[in-house]
Amino acid sequence: MAAARLCERLGHHVEEASPEVDAKALSSASLLMVCANIRAALDVRAAMLGREPMASDVERLTWARATEGHRARASDYARSIGVMHRVGRQVARFFTRYDVLLTPTMCQLPRPLGVLDLMTDDEEAYTRAVLGSIAFTSLFNSTGSPAMSVPLGWSRSGLPIGVQFVAPFGDEATLFRLGAQLEAEQPWFERRPPASS
């Protein structure tokens, strides 16, 4: 990967490694927590309006997630919190050996407008598109590890391709220093993707 070679050229030691986490348990826990939080947000808004939340208040898939969140039990939510804490400890162990983790930001180039449509009837296609967008970033949203996406690559059509760098919990300073070093070596400030017609 070009980003790894760039880091080596800048004097960093690079080796292949990744944190070992229970991805299936994390996925289930994350979904339940998202659903519960969507429902809680809708309940707050409905209380402000003085009525119960309704499907017509939000997009179709948002309502589906809110319905799942309404059905979940408090014990399900508590177990999900436990999964998040366990995964956070697993990621923390990884960072006792490594200063920074380098990954792609996304699994694919950004999708055209309309693919991530919360009104779609094709929930499976929507879910695949979302997971293709967040597969590398969602773990660190869950653990709270600081991460940055740096445009170190460009597609043939001129879209920036992000490279994600993740540091241990609370170590944003390492990312700021690394980001400054990368930008000095390979500036991106003046680069802009082409405007769509």
_Hydrophobic cluster membership, V100 vs V150, 4.5 Å side-chain cutoff_ = yes
_Check whether R111 reaches the backbone of Q108 with its side chain - one donor and one acceptor, N or O, closer than 3.5 Å._
no
*Below 4.5 Å, heavy atoms only, C-beta onward: do L10 and L182 meet side chain to side chain?*
yes
*Could you give me the CA-CA distance, side-chain angles and deciding distance for I38 and T62, then say whether side-chain contact (heavy atoms from CB on, under 4.5 Å) is met?*
CA-CA 8 Å; I38 289 171; T62 302; 3.9 Å; yes
*Evaluate the criterion side-chain contact (heavy atoms from CB on, under 4.5 Å) for residue pair D22 and K24; output intermediate values, then yes/no.*
CA-CA 6 Å; D22 185 343; K24 187 174 180 182; 3.9 Å; yes
*Heavy-atom donor-acceptor pair, S149 side chain to G162 backbone, under 3.5 Å*: no
*How far apart are the closest heavy atoms of T174 and D171, and which atoms are they?*
OG1-OD2, 2.7 Å
*Do the side chains of L26 and I81 join up, straight or via other hydrophobic residues, at under 4.5 Å, putting them in one cluster?*
yes
_Backbone N/O of A92 and side chain of T96: donor-acceptor pair under 3.5 Å_ = no
*For atom CG of L49, decide whether the heavy atoms of other residues, nucleotides or ligands shown that lie under 6.0 angstrom number more than 12.*
yes
*Do E15 and R97 meet the salt-bridge criterion of a basic N to acidic O distance under 4.0 Å?*
yes
_Within 6.0 angstrom of R45 CZ, more than 12 heavy atoms from elsewhere_ = no
*Heavy-atom donor-acceptor pair, T120 side chain to E123 backbone, under 3.5 Å*: no
*asked:* Side-chain heavy atoms nearer than 4.5 Å, only ILVMFWY residues, links allowed to pass through others: does that put V21 and F136 together?
replied: no
*Answer yes or no: does atom CG of D99 have more than 12 heavy-atom neighbours from other residues, nucleotides or ligands under 6.0 Å?*
no
*asked:* Nearest 0.5 Å, please: how far is CG in N141 from OG in S30?
replied: 9.0 Å
*About how many Å separate CG of D117 and CG of L61, when rounded to the nearest 0.5 Å?*
8.0 Å
*Can you find a heavy atom in the side chain of Q181 that is under 4.5 Å from one in the side chain of L178?*
yes
*For R39 and G69, which heavy atoms make the closest approach, and how far apart are they?*
CB-C, 4.2 Å
*V130 and M106: same hydrophobic cluster, using ILVMFWY side-chain contacts below 4.5 Å?*
no
*Compare every heavy atom of A29 with every heavy atom of M84, then report the nearest pair and how far apart it is.*
CE-C, 4.2 Å
*State whether the side chain of N37 and the backbone N or O of V34 hold a donor-acceptor pair below 3.5 Å, judged by distance alone.*
no
*Locate the shortest heavy-atom distance separating Y126 from V115; write the atom from each residue and the value.*
CD1-O, 4.4 Å
*Which atom names give the shortest non-hydrogen contact between A167 and S145, and what distance separates them?*
O-CB, 3.6 Å
*At what distance, to the nearest 0.5 angstrom, does CZ of F140 lie from CG of L101?*
5.0 Å
*Please lay out, stage by stage, how R65 and E59 fare under the test salt bridge (Lys or Arg N to Asp or Glu O under 4.0 Å).*
CA-CA 10 Å; R65 295 292 181 256; E59 301 94 341; over 6 Å; no
*Measuring from M48:CE to D43:CG, what's the distance to the nearest 0.5 Å?*
13.0 Å
*Which heavy atom in G179 sits nearest to a heavy atom in W188, and how many Å separate them?*
O-CH2, 3.9 Å
*When rounded to the nearest 0.5 angstrom, what distance separates CG in L152 from CD in E183?*
10.0 Å
*Under 3.5 Å, side chain of S80 to main-chain N/O of D76, donor-acceptor pair present?*
yes
*Does the side chain of E185 come within less than 4.5 Å of L6's, by heavy atoms?*
yes
_Could you walk me through whether T103 and F165 satisfy the side-chain contact (heavy atoms from CB on, under 4.5 Å) test, starting with their C-alpha distance in whole Å, then the side-chain angles of each, then the deciding distance to 0.1 Å, before giving a yes or no?_
CA-CA 7 Å; T103 74; F165 293 89; over 6 Å; no
*May I ask you to decide if G88's main-chain N or O and T143's side chain share a donor-acceptor pair within less than 3.5 Å?*
no
_Approximate separation, where rounding is to 0.5 Å, of I134 CD1 and C107 SG_ = 9.5 Å
*Give the cluster check for Y77 versus V87: same hydrophobic cluster or not, with ILVMFWY residues linked at side-chain heavy-atom distances below 4.5 Å.*
yes
*Kindly indicate, with the supporting measurements, whether the criterion side-chain contact (heavy atoms from CB on, under 4.5 Å) is fulfilled by L118 and R60.*
CA-CA 6 Å; L118 288 165; R60 196 180 77 70; over 6 Å; no
*So, E8 side chain and H13 main chain: donor-acceptor pair closer than 3.5 Å or not?*
no
*For E172 and R177, what are the C-alpha separation, side-chain angles and deciding distance, and is it a salt bridge (Lys or Arg N to Asp or Glu O under 4.0 Å)?*
CA-CA 9 Å; E172 288 84 354; R177 288 190 301 272; over 6 Å; no
